[in-house]
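Take a look at the structure set out below.
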Amino acid sequence: MDASIAPASRAAVVTPNDGAIVGARALYIGTAGDVAIAPRRDMDPVIFKSVPAGTILPVHAAIVALTGTTASNIVALF
């Protein structure tokens, strides 16, 4: 199967940080709130507002920023 469309094979807990590289293919949001994601490390984060608990955001997340993120229990999917 093409790796770009294959299901995630690894997961890790994310602690939002304005500079740490995550590099996730998608994010699971455990507790509802806003999620600030930079799709590339050279881009400013975009805030996904009011993401419901249990959502999988199918976006590349180079950085999950602390500034602007109120959601918690976030899991990176690789």
Side-chain angles (χ1 to χ4, degrees):
M1 176 177 275
D2 181 349
S4 67
I5 60 172
S9 60
R10 295 182 300 125
V13 173
V14 173
T15 300
N17 183 302
D18 290 336
I21 302 300
V22 174
R25 292 175 23 174
L27 297 173
Y28 170 81
I29 309 305
T31 303
D34 298 345
V35 185
I37 298 169
R40 293 190 340 226
R41 67 179 102 182
D42 62 345
M43 297 178 71
D44 290 331
V46 173
I47 298 176
F48 289 78
K49 302 293 273 180
S50 303
V51 179
T55 297
I56 293 178
L57 288 174
V59 296
H60 178 76
I63 295 172
V64 179
L66 176 60
T67 303
T69 295
T70 60
S72 60
N73 298 309
I74 300 170
V75 177
L77 304 172
F78 304 95

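Note that this is a predicted model, so its numbers are computed, not measured. We number each residue from 1, following the sequence as shown.
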Path from V64 to V59 over hydrophobic side-chain contacts below 4.5 Å: yes
For D18, the salt bridge (charged side-chain N to carboxylate O under 4.0 Å, His left out) test, sequence neighbours excluded, returns none
By salt bridge (charged side-chain N to carboxylate O under 4.0 Å, His left out), R10 pairs with (sequence neighbours left out) none
Taking every heavy atom of G30 against every heavy atom of A53, the minimum-distance pair comes out as O-CB, 3.3 Å
Heavy-atom closest pair (F78 atom, A12 atom, distance to 0.1 Å) is CE1-CB, 3.9 Å
Side-chain donor/acceptor of H60 to backbone N/O of A24, under 3.5 Å: yes
Apart from V75 itself, members of its ILVMFWY cluster (side-chain separation under 4.5 Å) are Y28, I56, L77
Connected to I21, directly or through other members, by ILVMFWY side-chain contacts below 4.5 Å are I63
Only distances under 3.5 Å count here; give the side-chain donor-acceptor pairs of residues 31-39 to other protein atoms, sequence neighbours excluded, each with its distance to 0.1 Å.
from, atom 1, to, atom 2, distance (Å)
T31, OG1, S72, OG, 3.4
T31, OG1, N73, ND2, 2.6
D34, OD1, S50, N, 2.8
D34, OD2, K49, NZ, 3.0

Residues passing the side-chain hydrogen bond (donor to acceptor under 3.5 Å, both in side chains) test with D42, sequence neighbours excluded, are R40
Rounding to 0.5 Å, atoms CD1 (I74) and OG1 (T55) come to a distance of 11.5 Å
